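I have placed the structure first, in the form of structure tokens, so that the comments after it can refer back to it.
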Amino acid sequence: MDAERAHSDPRERTFEKTSGFGKPQKLGENHCKTVVGDGRWRRPIKSDVKSVRLALAFALLGVQSRISRNEARFKKGRGQETDPGSLCRHVPAHKGHSIMLRAASSSRRHCIPSNLPSIRQRQQFMRPLTLDQLNQQLQTVEYAVRGEIAIRADELRDRLKQADNGLAFTEVISSNIGNPQQKGLNQKPITFTRQVAALMEWPELADKVADESIFPPDVRARAKELRENIGSIGAYSHSQGVPFIRQQVAAFIKNRDSAHLTRDAIASGAAERYAVSTDDLFLTAGASAGVSLLINLLITAPTDGVLIPIPQYPLYTATLAQHHGSPVPYFLNEDAEWATDVDGIQTALDAAEKEGTKVKALVVINPGNPTGGLLSEREMRGVIELCDRNGLTLLADEVYQDNIHDRGKHAFVSFKRVLRDMQAEAKAAGKSEDALRVPLVSFHSISKGVSGECGRRGGYFELTNVTRPVRDLVYKLVSVGLCPPLSGQIGVDSMVRPPKEGDASYALWKEETSAIHAALAARTKTIAHGLNALEGVSCVQSPGALYLFPRITLPAAAIKAAEKQGKAPDAVYAMELLEATGICVVPGSGFRQKEGEWHYRLTCLCPGTDAYVDKLVKFHEGYLAKWKGQ
């Protein structure tokens, strides 16, 4: 006969197979009792491990599960005892039945409903993952640089591979993003950077390749020094980055910011005001990772806001949306070569606070993205004073600091340098040591400048005038990610410590970097000149960064047609430009702009500038002719 013992839940029952004389049937060590049923008569069978795995697979298809040691019961005689060494897994199953997996010291049993549906049937009952189940705030994130137009560009690039593609162009030009080494833009990597990287990836190369024209002595020495301080790049580093590389970054910052001092000033110790503690330096996976971290730290409520320059790099509004913060726009002055209006920033701040926004920080991008504008030292001082008056943290995005096109006319000056100079002046005037203690976070990256190593993901940020408890919290957060990529950290070392005059690699490094600077300056001038010659187009010839941001005046009919589509007029213009020429740009609406104005951003990285400009000119002329008659 069969003995039946039920659990407290009538839908959950287990059964034992017994012999005709009422004695339990013994199962081997490698077997388990399999009982199938739903409360009616069940057929016990022997099964092996494969059956247990099957039952477990069914269990994992359940909506929820629970494992409890306390509920695991091992039957002994007529009573039941809890075996602390056993496990019981209950999983609600289809139509109210349950699956129970029970493991005991010498046997396993599992109970499966007799009417359990197939896996395919069960998948029909499982609720699919939908957007309404996800973080709603994340769905407000927008990043126009890789938005609809960039996605369409990828589709056209794939289509070009077909023999009869029907397109009016032979290549897609990715002018939408500052990605210098991207296929089609083809900026040549700096040889020194790649040689060091190669020896760090495979140290044995130094022995296998004796030719010093392949790996010059200074490259070998640099790689050896890095290996001695890092070990294998396959291992985690310190969470803030390799201490030795942070020392090189600290020396770079001090030398950069003290370069304007006279010998007498340096001898008097003036350069020490620019000194950097390695504890305040954090190497990152590109500047974007640091920006996201700092905004995450600053935003504590949806009413917290950050002042953002308009037009802005979409990273900032996207990150604020991600962390539930509020962007507070302040407008740059296009008519004054995208100058920063400090009074305008104060007006924007006052208006935001009047509406209930707690403004906590100010972002400055210098040189600008997408504008290429460069702040004067007077403007920088005004920004620092504004932050001091209003208790704001200053976030200085300085990733384009090495992209200055006319170095005879313009020079990069960091916010760190200006802040330290102002503090020294305040101290000399007898003011408190706490004067101008503006919290400053400065960002830099290997993705821009002459490095162009976007894919290696390397960068850093420096904390200035930040208290130790805050710095400790930053460290705790970066340690969650273990460490930044070692390949990126090595790239940072090559950026801040390039070959010096007299080194074997210096001549080639100088030749390569000078060629990149010259090409960017020439392209910027040529593109700006060509665009400014067009009807309805005005373009500031930017002194820095990698971009131009021309303003376009569009016919009223074109604007009306775009609005009927529910799209920004410059977005429609940019899409039609792509479809007609293969040139991919980013509409100004993706960077935000003054109401009623339209722009687009394009890079100055594209080779074949004359042909490139000719395509822009012909498209614009055709676009105006198309809409003027309507």
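Below, each value reflects all heavy atoms present in this structure, side chains not excepted, and no hydrogens, waters or symmetry copies. It should be emphasised that the depicted structure is a prediction, and the values quoted were computed from it without experimental measurement.
- Within a 6.0 Å sphere centred on CD of E501, heavy atoms belonging to other residues, nucleotides or ligands number 12 at most.
- Between K360 and D304 there is a salt bridge, with a side-chain nitrogen of the basic residue lying less than 4.0 Å from a carboxylate oxygen of the acidic one.
- Residues T524 and S542 have side chains in contact (heavy-atom distance under 4.5 Å, counting atoms from C-beta outward).
- Donor-acceptor pairing under 3.5 Å is lacking for the side chains of H529 and Q541.
- Within the 4.5 Å cutoff, the side chain of T371 has no heavy atoms near those of the Y547 side chain.
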With side chain to side chain contact (heavy atoms under 4.5 Å, CB included) as the criterion, how do D280 and V466 come out once you've worked through the C-alpha distance, each side chain's angles and the decisive distance to 0.1 Å? CA-CA 9 Å; D280 292 325; V466 171; 5.9 Å; no

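- Note on E512 versus K188: salt bridge recorded, some NZ/NE/NH1/NH2 to OD/OE distance being below 4.0 Å.
- Using a 4.5 Å cut-off on side-chain heavy atoms (C-beta onward), T464 and V438 make no contact.
- Not less than 6.0 angstrom separates the ring centroid of F282 from the ring centroid of F443.
- Checking Q346 against N390 by side-chain atom types alone, a donor-acceptor pair falls below 3.5 Å.
- Crowding of R227 atom CZ: a count of heavy atoms from other residues, nucleotides or ligands under 6.0 Å exceeding 12.
- Of the possible polar contacts, one joining the R523 side chain to the L605 backbone as a donor-acceptor pair under 3.5 Å is found.
- Looking at D218, its side chain does come within 3.5 Å of a backbone N or O of S505 through a donor-acceptor pair.
- In this structure a side-chain-to-backbone donor-acceptor pair under 3.5 Å is present from T347 to D343.
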Please lay out, stage by stage, how T467 and R471 fare under the test side chain to side chain contact (heavy atoms under 4.5 Å, CB included). CA-CA 6 Å; T467 62; R471 187 184 70 197; over 6 Å; no

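- Scanning all heavy atoms of the two residues, the minimum distance from I446 to G488 falls at CD1-O, 4.1 Å.
- With respect to D257 and R420, no salt bridge is recorded, no charged nitrogen being found less than 4.0 Å from a carboxylate O.
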For D264 and T262: C-alpha separation, side-chain torsions, deciding distance, then whether side-chain hydrogen bond (donor to acceptor under 3.5 Å, both in side chains) applies. CA-CA 5 Å; D264 290 341; T262 63; 5.3 Å; no

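- Listed by chain and number, the residues in a salt bridge (charged side-chain N to carboxylate O under 4.0 Å, His left out) with E385 amount to none (sequence neighbours excluded).
- For the pair L332 and I310, the minimum side-chain heavy-atom distance is 4.5 Å or more.
- Side-chain atoms of I190 and S451, non-hydrogen and from C-beta on, never get closer than 4.5 Å to each other.
- Considering all non-hydrogen atoms of both residues, A521 and H405 come closest at CB-O, 3.7 Å.
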Checking E353 against K358 for the salt bridge (charged side-chain N to carboxylate O under 4.0 Å, His left out) test, could you report, in this order, the C-alpha distance in whole Å, the side-chain angles of both residues, the deciding distance, and whether it holds? CA-CA 6 Å; E353 292 191 335; K358 184 179 180 181; over 6 Å; no

Going through the distances and angles, do K254 and E272 end up as a salt bridge (charged side-chain N to carboxylate O under 4.0 Å, His left out)? CA-CA 8 Å; K254 181 180 177 182; E272 292 309 309; 2.6 Å; yes

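- With hydrogens and angles left out, the side-chain atoms of Q489 and S237 include a donor and acceptor closer than 3.5 Å.
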Give the intermediate values and the outcome of side chain to side chain contact (heavy atoms under 4.5 Å, CB included) for residues I245 and L226. CA-CA 8 Å; I245 296 178; L226 288 171; 4.3 Å; yes

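- Side-chain contact between Q248 and R497 is present, with heavy atoms from C-beta onward closer than 4.5 Å.
- Counting only heavy atoms from C-beta outward, the side chains of F415 and D397 never approach each other to under 4.5 Å.
- The minimum heavy-atom distance between R246 and T278, with the atom names listed, is NH1-O, 2.9 Å.
- When every heavy atom of G452 is checked against every heavy atom of P180, the shortest pair comes out as CA-CG, 3.8 Å.
- In R389, the CZ atom is crowded: over 12 heavy atoms of neighbouring residues, nucleotides or ligands sit closer than 6.0 Å.
- You'll find the side chain of F331 stays beyond 4.5 Å of the side chain of T340, heavy atoms only.
- Under the 3.5 Å distance criterion, with hydrogens and angles disregarded, no donor-acceptor pair is assigned to the side chains of R273 and Q423.
- Atoms OG and CD, on S414 and E462 in that order, are 8.5 Å from each other to the nearest 0.5 Å.
- We find the CG-OG distance between L315 and S288 to be 4.5 Å, quoted to the nearest 0.5 Å.
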Worked verdict on K448 versus E398 for salt bridge (charged side-chain N to carboxylate O under 4.0 Å, His left out): CA-CA 10 Å; K448 312 306 177 185; E398 298 174 336; over 6 Å; no

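- Nearest heavy-atom pair across S213 and Q195 is O-NE2, 4.3 Å.
- Panel note: side chain S445, backbone G459; no donor-acceptor pair is recorded below 3.5 Å.
- Using a cutoff of 4.0 Å between basic side-chain nitrogens and carboxylate oxygens, D421 and R381 are not scored as salt-bridged.
- If you look at Y475 and H238, their ring centroids are closer than 6.0 Å.
- Annotation: the span from F412 atom CZ to D402 atom CG amounts to 10.0 Å, rounded to 0.5 Å.
- For the residue pair L392 and P439, the shortest heavy atom distance occurs at O-CD, 3.9 Å.
- Between Y313 and Y316, the angle of the ring planes goes over 60°, which puts this pair in the perpendicular group of the 30/60° scheme.
- Cation-pi geometry between R601 and F549 is not met at under 6.0 angstrom from the ring centre and within 45 degrees of the axis.
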